[in-house]
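All chains are named by letter (A, B, ...) in the order of the sequence lines, taking the proteins before the strands, and each is independently numbered beginning at 1.
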Amino acid sequence: MSVRVRFAPSPTGYLHIGSARTALFNYLYARNTGGKFLLRIEDTDLARSTEESTRSILDGLNWLGFAPDEEIVFQSDNAEKHRAAARRLLEEGKAYRDFTPKEAPTDANVKEAIKERARAQGADKNMRDNPYRHLSTDESDERAAAGDPFAIRLKVPTEGNTSFEDQVYGLQERDYADTEDLVLLRSDGHPLYNLAVVCDDIEMQITHVIRGQDHLTNTHKQILIYEALGVTPPTFAHLPLIMAPNKGKLSKRKHGEVVSMTTYRDAGFLPEAFRNYLALLGWSAGEEQEIYSLDELIQKFSLEGIHRSNAVFNFSQDDPRKWTDDKAQWMNAEYIRTMPLDKLLPHVKAELKANKLWREEYEPDGRALTATIPSTEAQVFEAGTEMADRPEAIAIEPLEIGTYDWYIRTVDLIRARFFTIKDFSSQGRAYFSEDFDFDPAAIAKNLTKFPDLKQWLPELADRFEAEFAQSSPPYEGGVDVALSGRGGSLPFNESNIETVVKAFTEEKGTKLGVIMNGARTLLTGVAVGPSMLSVFEITGLERTIMRLRSQLPWRL
RNA sequence: GGCGCGUUCGUCUAUCGGUUAGGACGCAAGAUUCUCAAUCUUGAAAGACGGGUUCGAUUCCCGUACGCGCUACCA
């Protein structure tokens, strides 16, 4: 029989990082075995389930790229079937009506109350002491007919144990005596979780249940239901939990947005990077490789590689640079810097579009690249290729600013220092627009400290104008710069720029860094970026001249 | 309280009785020098504790401690 797995979240919030990983493992297992990956929304708790949560979970799964292979099942649609199953067990004498009045709902701290009660009962608690367990069928029917409210409980056998071979935790055994006669159907007719899960998993013909370790002990109860129903239970594999830095529970209330999948989407994470990070939380292929494509993950995934101990999702709420796990951040940056450029481009496009920085000219549109681009030349290099193994940036012919060729080369150049997709529209804004901000720290460090630059940089602009051929057409998005018309004949490329800037620096009797960093601040607005020679070239002669003449930053 | 599960560098992990206990992130130092949160090099950093079994235990067994889960007419 072919493998069928399911991811079954309850829609009581957004897609939690732990749930996302559960979904990932199910997805990987399905793909690895050629099986089906199904999705079931467990919305039986009408009080807490919301449509908005369902949407948010679907959004998260969609972002991660896990589309279910069959139609989504909503557990609430199956309530009638669950009730029928409970009724059947009742008729067969495998369950009984419990007429004990329902307890008034305890306030706020349910967990604590339950624990308290359990403590009070101690070890002596007899799980089979419910008086209604032994009520005669006639009497039970009579009271039910009379309208007495009742819950239906499973009649757990007195002697024996449940056992199953967990694919992660190994053989699990539990005496029946340790399992109470669990409620299958509430007195208001609503099926309870354990019944609903079992019925749906049977209905959906699930062969492997891969879920959080918090269900490890529930599994015994569910096996009891399977047995009562006369169905062979599926294979189980429980996953270690993902914990907060203090090894406590990771929750929205305490930890906020770090646990939500949408946060990562909105923060400029790449789904492929986050998936890769998630895969390594509690699973390992037993080797030293860390960067895996989806295909590799699918190929290498196995239940044997899953860990037994919980993993900590490491972050620091009071350090903005470590707002989320630093390995996740590193992984994202690694992907941005090293993934095949054609895979990165759609993400960059979306980001630029969202910030009104996109130009239709950047769209490939079937046209071939005419310029040689460092990493597109070796287009297929795999994510994870060492930076050192990548081809060095090579000089290119002057590019028309704003063209497809220019765009590709620019993205390739600036991605080397970026961490998230957001950086393309923030840090990298100056490459795509004249309207960019200046980082005060950059101004202080690179301009204000060297007052001479106020004259020198416009002078450098004059020098550029005099030395270089106006070989690229005016940048359309820019202001019309009045050029002297006596432009030189040199192409505006890295080696020529270097010669000119070095000569200029010597004339001024200053250090190269002073000029370069001053120019960097004027051209890009930030203190960090690629080699200035590349920046000059990619910015283009026209824009370079214009920005070097700008006095605006000096007034900020 | 009961039952269950777990415990290798700060974090994610490798090791399936014999290793200088490996890698990654992060951290530190150095290099590069036109910047850097990039890149390169180097470094510090771990088997919870106590007993067994064994020629030999991180690895197997027992106990203790600690953590986590379940213990609900929640999921």
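When the P atom is used for both B:A24 and B:C5, the distance is 35 Å, rounded to whole Å.
Across B:C74, B:U7, B:C25, the shortest atom-to-atom separation from the side chain of A:D326 is found for B:C25. Residue A:L281 has its side chain nearest to B:C12 when only B:C12, B:C27, B:A75 are considered. The nucleotide whose nearest atom lies closest to any side-chain atom of A:Q172 is, among B:A24, B:G22, B:C5, B:C5. The side chain of A:A151 has B:C73 as its nearest neighbour among B:U8, B:C36, B:C73. In this structure, the nucleotide among B:C5, B:C68, B:C3 sitting nearest to the side chain of A:M243 is B:C68. The side chain of A:L216 lies closest to B:C5 when the candidates are B:C12, B:C5, B:C73. Comparing B:G4, B:A38, B:A75 by their closest approach to the side chain of A:N194 singles out B:A75. In this structure, the nucleotide among B:A72, B:A38, B:G1 sitting nearest to the side chain of A:R337 is B:A38. Taking every side-chain heavy atom of A:R186 into account, B:C73 is the closest of B:C25, B:C73, B:U7. Of the candidates B:G26, B:C73, B:C68, B:C68 carries the atom nearest the A:L241 side chain, counting heavy atoms from C-beta on.
Atom-to-atom, NE2 of A:H220 to C1' of B:C3 comes out at 9 Å; the value is rounded to the nearest Å. For the pair A:H307 NE2 and B:C68 P, the interatomic distance rounds to 19 Å; values are reported in whole Å. For A:R117 and B:C74, the CZ to P distance is 11 Å, given to the nearest whole Å. One interatomic measurement links the two molecules: CG of A:L280 to P of B:C25, which rounds to 12 Å at whole-angstrom precision. When rounded to the nearest whole Å, the span between CD of A:Q329 and C1' of B:C27 equals 15 Å. Look at CD on A:E506: it is 12 Å from P on B:C34, rounded to the nearest Å. Distance A:R308 CZ to B:G4 C1': 15 Å, rounded to the nearest Å. When the C1' atom of B:C74 is taken as reference, atom NZ of A:K102 falls 10 Å away, rounded to whole Å.
Remark: the A:S316 side chain and the A:D318 side chain contain an N/O donor-acceptor pair separated by less than 3.5 Å.
Contact annotation for A:K445: backbone-only contact, meaning every heavy-atom pair under 4.0 Å involves sugar-phosphate atoms and none involves a base. In this structure, A:D214 reaches the sugar-phosphate backbone alone: every heavy-atom distance under 4.0 Å involves primed, P, OP1 or OP2 atoms, never a base. Among the heavy atoms of the strands lying under 4.0 Å from A:L533 is at least one base atom, whether or not backbone atoms are also near. Within 4.0 Å (heavy atoms only), A:F419 reaches at least one base atom of the nucleic acid. If you check every strand for non-hydrogen atoms under 4.0 Å, A:Q213 touches sugar and phosphate atoms only. Using a 4.0 Å heavy-atom criterion, one finds that A:S10 contacts the sugar-phosphate atoms exclusively.
For the OP1/OP2 pair of B:A75 and a distance below 4.0 Å, the side-chain nitrogens and oxygens of A:T44 include at least one atom meeting the criterion. At B:C73, one or more side-chain N or O atoms of A:R153 fall inside 4.0 Å of OP1 or OP2 (strictly under the cut-off). Between A:K247 and B:U11, a side-chain N or O to OP1/OP2 separation shorter than 4.0 Å is present.
Under the Watson-Crick or G-U wobble criterion, with both distances below 3.5 Å, B:A31 is paired with B:U39. B:C16 is unpaired under the Watson-Crick or G-U wobble criterion, no partner having all donor-acceptor distances under 3.5 Å. In this structure, B:G67 and B:C5 make a Watson-Crick or G-U wobble pair, each of the two defining distances being under 3.5 angstrom. Within the shown strands, B:G10 is the pairing partner of B:C25 under the Watson-Crick or G-U definition, both distances less than 3.5 Å. Pairing partner, B:G50: B:C62, with both Watson-Crick or wobble hydrogen-bond distances short of 3.5 Å.
The residues A:R128 and A:E180 are annotated as not salt-bridged, no charged nitrogen and carboxylate oxygen being separated by less than 4.0 angstrom. Taking the charged nitrogens against the carboxylate oxygens, A:E498 and A:K502 do have a contact shorter than 4.0 Å, which makes a salt bridge. By the 4.0 Å N-to-carboxylate-O rule, A:R6 lies too far from A:E42 to be salt-bridged with it. In summary, A:K155 and A:D181 do not engage in a salt bridge, as defined by a charged side-chain N under 4.0 Å from a carboxylate O.
Looking at A:I421 and A:L344, their side chains come closer than 4.5 Å, going by heavy atoms from C-beta outward.
Qualifying side chain to side chain donor-acceptor pair (under 3.5 Å) partners for A:D166, counting only residues two or more places apart in sequence or in other chains: A:H238. Residues satisfying the ring-ring contact (aromatic ring centres under 6.0 Å, His included) criterion with A:F536, sequence neighbours excluded, are A:F464.
The residue among A:P101 and A:M532 whose nearest nucleotide of RNA chain B lies closer to the 5′ end is A:M532. Of the residues near RNA chain B, A:S187 and A:P530, the one whose nearest nucleotide (by heavy atom distance) lies more toward the 5' end is A:P530.
Shown for residues 310-320 of chain A: residues whose heavy atoms fall under 4.0 angstrom of RNA chain B, namely A:N310, A:A311, A:V312, A:N314. For RNA chain B, the residues of residues 512-524 of chain A within the heavy-atom distance limit of 4.0 Å (strictly under) are A:L512, A:G513, A:M516, A:N517, A:R520, sorted by number.
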Got a list of protein N/O to nucleotides 59-66 of chain B N/O distances below 3.5 Å?
none

Short N/O separations, protein against nucleotides 45-50 of chain B, under 3.5 angstrom:
none

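Checked against a 6.0 Å centroid threshold, the rings of A:F236 and A:H215 do not count as neighbours.
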Worksheet item: Where do A:R83 and A:E80 land on the salt bridge (Lys or Arg N to Asp or Glu O under 4.0 Å) test, with the steps shown first?
Response: CA-CA 5 Å; A:R83 277 189 280 273; A:E80 198 40 59; 3.1 Å; yes
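In this structure, A:R143 forms a cation-pi arrangement with A:F99, its terminal cationic atom sitting closer than 6.0 Å to the ring centre and no more than 45° off the ring axis.
Annotation for A:E507: atom CD counts as buried by contact number, over 12 foreign heavy atoms lying within 6.0 Å.
Remark: A:E173 CD to A:D175 CG distance equals 8.5 Å, nearest 0.5 Å.
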